[in-house]
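Report on the following structure.
Just so you know, these numbers come straight off a predicted model, no measurement behind them.
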Amino acid sequence: MPQNTTSQGSTLGTRLPMTGTVGQVQKVEPSTVGSVTFTDLGLAPVFTNTLAKLNITNPTPIQAQAIPVVLTGKDIIGIAQTGTGKTLAFGLPMLQRLALTKGTGLVLLPTRELAAQVDEKLVAIGKDLGIKTAMLVGGANMGAQMRKLRENPHVIVATPGRINDHIRQKTIDLSQVSILILDEADRMLDMGFEPQIRTVIAMIPKVHQTLLFSATMPDKIAQMAKAYLHAPQTVQVATSGTTVAKISEEIYFVTKEEKSRLLEKLIADNPGTILVFSRTKHGAKRLAKHIQDMGHTATDIHSNKSLSQRTEALLGFKKGKYRVLVATDIAARGIDVSDIGLVINYDLPDSAEDYVHRIGRTGRAGKEGKAISFAEHHERRDIQTIERLTKKRLPEKSKPQDLPPARQSTIKERPYESQKFGGHGGRGGGHGGFKPSWRRK
């Protein structure tokens, strides 16, 4: 069993001489966020210098309010929309605290893609300190992960399922974990990971700091916070369920048969990269092929894809190899691309909260974005549910009169996809046929 020796905390600390280097921590009020710097928040020069090299000059609201609290060692609940900089909000103070104290940081996230992105950012901001990380995700080689663990990483970034695999095989030692981060906690619970999270918490020392970050605050997150956090301080930069201010939102009410025709017109009329959401993995595959038939470069990402396939699809989308990416909700929070011009909800999501996460893929880092949703006429109540959560009306647009003619699909439809309640994993088969539990009430 790999042992995380207590020397890693002191080794990291020698690379970050703290005496006389940390500014006075400034309590930040939301109204003063724009006037503070990372130095004001109490970060050491080694981090502020690295941020400057990365052209990150001013903290976002969640960073400005969370970093000073985390540096004090308190537990925290951070509520913010996606795309607001939560990774640096917990990553920067975590690395600084690990430099001062012995121990290991553990970050749990719901998907492989999110784990990869967090790991990449931690390596970027910790490279001047010689930060070592180990990423534990499903679909990757266990042997390679074990070798990483034997190097005594300062930070472990993991999905709940894969870290539990290591726990069962006794290939990981969590006895030195001093900081636990539950990122995208609401999504982890939605995906059924609470038992795995409980197992992890039982394996780490009782005395540790817990940072819980979430885009929404449903009752089950409040219950988790009550069970696992000690006197947490809540940092909330927007009401739970609100969307990013610079995203313009529209909705079209169309028939099932008109969806693909409207999609073709919108892709033709809107330049730049486009992210399309499908309810099912088979629907995503079909849509990607349909978009390719329109003459656009497109690919799909969902749970049926291997880790290497998902990595290639996301990297190709980031680098412009694919103009359009079709995704399911399983991948919604793992897509961190800064310049997505348009998000299209080809199918409405299975929960109103997922609507917030989906459209949060555009309008990131203060940029403007656009989100368009398709709904069939019998789904008006579902739109009202989304509007109640986001506390705004979705502007209804008239269907364009010049829709292109229907195309003949080149993919043979699977038999169950035309059935009302078909499909795998309880998700339903075809577009528009399945009514998830939140939409049957």
Using 4.0 Å as the upper bound for N to carboxylate O, is an ion pair formed by [Y] and [X]?
X	Y	answer
R279	D329	no
D339	K318	no
R310	E113	yes
D300	K305	yes

Apply salt bridge (charged side-chain N to carboxylate O under 4.0 Å, His left out) to the pair K392 and E249, showing each step before the final yes or no. CA-CA 10 Å; K392 65 168 67 172; E249 301 168 64; 2.9 Å; yes
Please assess L212 against I76 for the test side-chain contact (heavy atoms from CB on, under 4.5 Å), listing each intermediate value before the final yes or no. CA-CA 6 Å; L212 186 154; I76 190 172; over 6 Å; no
For [Y], is there any backbone N or O sitting under 3.5 Å from a side-chain donor or acceptor partner on [X]?
X	Y	answer
T171	M146	no
T72	V69	yes
D186	S214	no
E250	A371	no
E379	E376	yes
Q117	L114	no
D75	A231	no
E368	I247	no
R361	H357	yes
Q209	V70	yes

Please name all residues satisfying side-chain contact (heavy atoms from CB on, under 4.5 Å) with R323, sequence neighbours left out, ordered by chain then number.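 Testing R323 for side-chain contact (heavy atoms from CB on, under 4.5 Å), a comparison that skips the adjacent residues, returns I267, I274, H296, T297.
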Any side-chain heavy-atom pair of [X] and [Y] under 4.5 Å:
X	Y	value
T362	L342	no
M188	L182	yes
K259	D347	yes
L106	I179	no
I301	Q309	no
L122	M94	yes
Q236	Q65	no
L275	T273	no

Side-chain donor-acceptor pair under 3.5 Å between [X] and [Y], yes or no?
X	Y	value
E387	Y355	no
H208	S178	no
Y228	Q223	no
T37	D40	yes

Check [X] against [Y] and note the closest heavy-atom contact, atom names and distance.
X	Y	value
G161	F193	N-CE2, 4.2 Å
K281	S303	CD-OG, 3.8 Å
L287	L263	CD2-CD2, 3.8 Å
I67	A89	CG1-O, 3.7 Å
F38	L92	CE2-CD1, 4.1 Å
I79	I62	O-CD1, 4.3 Å

I77 and Q233: side-chain contact (heavy atoms from CB on, under 4.5 Å), yes or no, with the steps? CA-CA 6 Å; I77 300 172; Q233 183 165 332; over 6 Å; no
Within the supplied structure, the quantity of interest is the number of heavy atoms (other residues, nucleotides, ligands) at a distance under 6.0 Å from K220 NZ; does it exceed 12?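 More than 12 heavy atoms, drawn from other residues, nucleotides or ligands, come within 6.0 Å of this atom.
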Do other residues, nucleotides or ligands put more than 12 heavy atoms under 6.0 Å from the CZ atom of R380?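 Buried by this count: over 12 neighbours within 6.0 Å.
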To the closest 0.5 Å, what do you measure between [atom1] ([X]) and [atom2] ([Y])?
X	Y	atom1	atom2	answer
S278	R286	OG	CZ	7.0 Å
Q196	R162	CD	CZ	13.0 Å
L109	I163	CG	CD1	11.0 Å
L98	T104	CG	OG1	7.5 Å
L348	N345	CG	CG	7.0 Å
L41	Q96	CG	CD	10.5 Å

When the ring centroid of F213 is compared with that of F90, is the distance short of 6.0 Å?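 Distance test on ring centres: under 6.0 Å, yes.
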Can you give the donor-acceptor pairs under 3.5 Å from side chains of residues 130-141 to other protein atoms, not counting sequence neighbours?
unit_1 : atom_1 : unit_2 : atom_2 : d
K132   : NZ     : E151   : O      : 2.7
T133   : OG1    : D119   : OD1    : 2.6
N141   : OD1    : G143   : N      : 2.8
N141   : OD1    : A144   : N      : 2.7

Would you call the rings of Y252 and F374 parallel, tilted or perpendicular, where under 30° means parallel and over 60° means perpendicular?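 Rings of Y252 and F374: perpendicular, over 60°.
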Please evaluate residues L325 and T299 with respect to the criterion side-chain contact (heavy atoms from CB on, under 4.5 Å), reporting the C-alpha separation (whole Å), side-chain torsions for both, the decisive distance (0.1 Å), and the verdict. CA-CA 5 Å; L325 178 65; T299 190; 3.6 Å; yes
Run the numbers on L108 and V200 for side-chain contact (heavy atoms from CB on, under 4.5 Å), then give the verdict. CA-CA 10 Å; L108 293 183; V200 170; 4.2 Å; yes
